[in-house]
Amino acid sequence: MALPKVPMPPSLQLLGAAAGTSFLLDRLAPAASLGLLTTTAILFVLEFIAYEAWLVIVYPRFFSPLRHLPTPPDGRFFTGQTRRILKEPSGMPMRDWVENVPNDGLIKYSIWFQDRVLLTDPRALGEVLVTKNYEFVKPYHFRNGLGRILGIGILLAEGDEHKRQRKVCTRDAILFGIEMKTDLIDQNLMPAFAYRHIKELYPVFWSKSRELIGNLLGEIESNAKKPKMAAPTVTDPEKTPIEHQPDAIDVGSWTSRATLDIIGVSGVGQDFEALKNPDNKLNNTYRKIFNPDRTGRILQLMGIFLPFWFLKRLPVKRNTELNDASTYIKQTCRDLIAQKRTAMAEKERTDIDIVSVALESGGFSDEDLVNQMMTFLVAGHETTATAMIWAIYLLCKHPDIQTKLRQEVRSKLPSIDDEVTAAQVDECHYLHAVCLEVLRLWSPVSVTIRVADKDSSICGQFIPKGTTVILSPWAINTSTHLWGPDALEFKPERWIDADGKANNKGSAESNYSFLTFLHGPRSCIGQKVSLEVV
Ligand code: HEM
């Protein structure tokens, strides 16, 4: 499937208008013209200034239908909330605004001279995520930037193409009032993510966890043998540089390697062997793509303002590197699919990974499957790694919860050297509650974005086409309006029912209060996998 067409940037439209006017002036009133090029340049600058003044000052204050929405009080005249958003971790200002700005479901703020509409309550979330889901799409620059590497897999597809890939099943279609073509409903990704199938992946999670524990123990042992460096006088241990903490372990690197291996084997049927040998070519190439260097990050930022075709052609090392790395990974995926197809022709069932199940459904071409494989890697790797880091952090901060969890795990699960069954894991209700509470308090995705694809409305407020809408799991998941006064506390018990079993709603009244995986037809398809990985 092709990348989405990007609307022509306004600067090019202005340039066209300036060139046209200059041409007419040159022909009709040559005395007033300073020559084709000079007149074009002057007209372009004047038009640009007028356009920006309209966009930044006049339209938002006097004409925008969003101008009456409540706004955070800390904005500046020109830059709005830009400074604060750049200064604080993504999602943090939204946490404050949802809590403290009185509103009726929507808050307006501005960044880089553009208005954003932040959704703050279940009613607004329900409209954007469910009833009007396909009216609010992912931003063009996001789809183009990532689509260049991933292709248009399920994460980036929109409309009917998304329905086809995901299977918005008949039940969902009725439930969510989504228009559905009947020929779209059979071959899709949903069966690959069904619980009965995810259960088959537990042994993969377990054996990779065993490998991770072995590595961590190895590092602890070798740390103990290292000569101790004198620690600088820093009062807060969390701020002591890691090289001065001989017993410290860089958990971030280990979780990232472990989850890449897990998502590799369970998602696409390829062991990246990042735990065993992080310097192998596949692991290094993958990281080159998804851990961009400084130039990569600048290019990503420029993607918000400049057309994608232009950025793609810039003669910078990052572009060549990205093309080579993406070609290598995609070729690896193609080879894997070819192997799976051969295996499938010979026997009934190939592997248990998610892509093999999708392949068996028969609904995807090889190129489609390559796109899905790339998508699962990017969607499933850093998210689960981040969740794992937060889990370790929160358990360190709450030794009482750590002890209670250890007791449950030791009484209900076998030793790490033995094999585990899905039924045994499902009996660990406190473990389930701890995972959900970690994912609530520090959701790996702090903020995500939608753009109105046509004129629409949310909670009765008119939303013009092109408006950017912000969904912030960090803000919703910890709102005291939705979770009560202890919203910011780490309390796994809020996920446990009176009968001692874990539930999936927590103590909040509405399902929409837990936004970590979003909701509706575009919610995280890997939600069940994630809960087991974490
Ligand atoms: C803790 C771990 C995870 C979190 C917090 C998470 C969160 C999310 C969120 C918030 C979205 C919606 C993004 C948006 O539309 O703006 C999403 C979508 C998605 N996630 Fe996850 N995810 C996790 C793990 C995974 C895993 C393990 C996989 C795959 C094996 C996966 C596959 C996907 C896919 C394919 C989509 C796109 C679904 C669609 O648009 O229909 N995710 N995820």
Side-chain angles (χ1 to χ4, degrees), residues 90-91 119 125 128-130 133-134 136-139 142-143 146-147 150-159 161-169 172 176 178 188-190 192-194 197-198 201 204-205 255-256 258-269 353-358 368-369 371-391 435-451 468-474 476-477 514-534:
S90 151
L119 308 188
L125 292 165
V128 171
L129 292 175
V130 179
N133 172 60
Y134 289 109
F136 293 92
V137 298
K138 298 187 181 175
F142 173 78
R143 293 173 66 206
L146 211 53
L150 306 184
I152 303 296
I154 185 169
L155 183 70
L156 302 177
E158 291 290 347
E161 177 58 22
H162 177 261
K163 291 177 199 167
R164 180 188 76 79
Q165 293 188 19
R166 175 154 179 152
K167 181 180 178 180
V168 179
C169 66
D172 291 344
F176 302 148
I178 294 163
N188 50 73
L189 285 174
M190 280 317 264
F193 287 91
H197 173 62
I198 299 302
L201 297 171
V204 175
F205 305 152
T255 56
S256 174
T259 53
L260 180 58
D261 279 1
I262 292 177
I263 207 70
V265 178
S266 60
V268 304
D353 60 86
I354 294 167
V355 163
S356 293
V357 180
D368 272 348
L369 286 170
N371 296 345
Q372 305 303 357
M373 286 163 110
M374 299 292 282
T375 300
F376 297 157
L377 288 175
V378 73
H381 169 223
E382 285 298 342
T383 43
T384 45
T386 309
M388 223 193 244
I389 298 175
W390 280 119
C435 291
L436 285 168
E437 185 65 349
V438 170
L439 289 164
R440 179 190 72 84
L441 205 50
W442 294 109
S443 163
V445 177
S446 54
V447 164
T448 187
I449 305 184
R450 295 287 186 270
V451 174
T468 302
V469 173
I470 303 293
L471 302 124
S472 172
W474 271 25
I476 296 296
N477 288 1
F514 182 62
L515 203 59
T516 300
F517 298 104
L518 300 193
H519 291 275
R522 294 225 71 147
S523 60
C524 175
I525 203 170
Q527 178 167 352
K528 290 197 188 86
V529 183
S530 319
L531 278 169
E532 303 314 329
V533 175
V534 177

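Note that ligands are numbered from 1 as they come in the structure, with each ligand's atoms numbered from 1 the same way. Position 1 is the first residue of the sequence, and the numbers go up from there.
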If hydrogens are left out, which of [options] has an atom nearest to [atom], that is, the closest non-hydrogen atom?
atom	options	result
atom 43 (N) of ligand 1	Cys524, Cys435, Ala385	Cys524
atom 37 (C) of ligand 1	Val137, Ile449, Ile354, Leu155	Leu155
atom 6 (C) of ligand 1	Phe517, Phe376, Trp390	Phe517
atom 25 (C) of ligand 1	Ala387, Ala379, Pro444	Ala379
atom 16 (O) of ligand 1	Leu156, Thr448, Val355, Leu471	Thr448

Note to self: Aromatic contact between Phe514 and His519, with the criterion being ring centroids under 6.0 Å apart: yes or no?
What the structure shows: no
Note to self: Any carboxylate oxygen within less than 4.0 angstrom of a Lys/Arg side-chain nitrogen, looking at Glu158 and Arg522?
What the structure shows: yes
Margin query: Are any of the N/O atoms on Arg450, whether in the backbone or the side chain, positioned under 3.5 angstrom from an N/O atom of ligand 1?
Written below: yes
Note to self: If I apply the N/O under 3.5 Å rule, does Ser443 come out as touching ligand 1?
What the structure shows: no
[X] neighbourhood, listing ligand 1 atoms whose heavy-atom distance to it stays under 4.0 Å:
X	answer
Arg166	38 (C), 39 (C), 41 (O)
Gly526	26 (C), 28 (C), 31 (C), 32 (C)
Ser523	38 (C)

Check: Do the ring planes of Trp474 and Trp390 sit parallel (below 30°), tilted (30 to 60°) or perpendicular (above 60°)?
Finding: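 Perpendicular, since the angle between the ring planes exceeds 60°.
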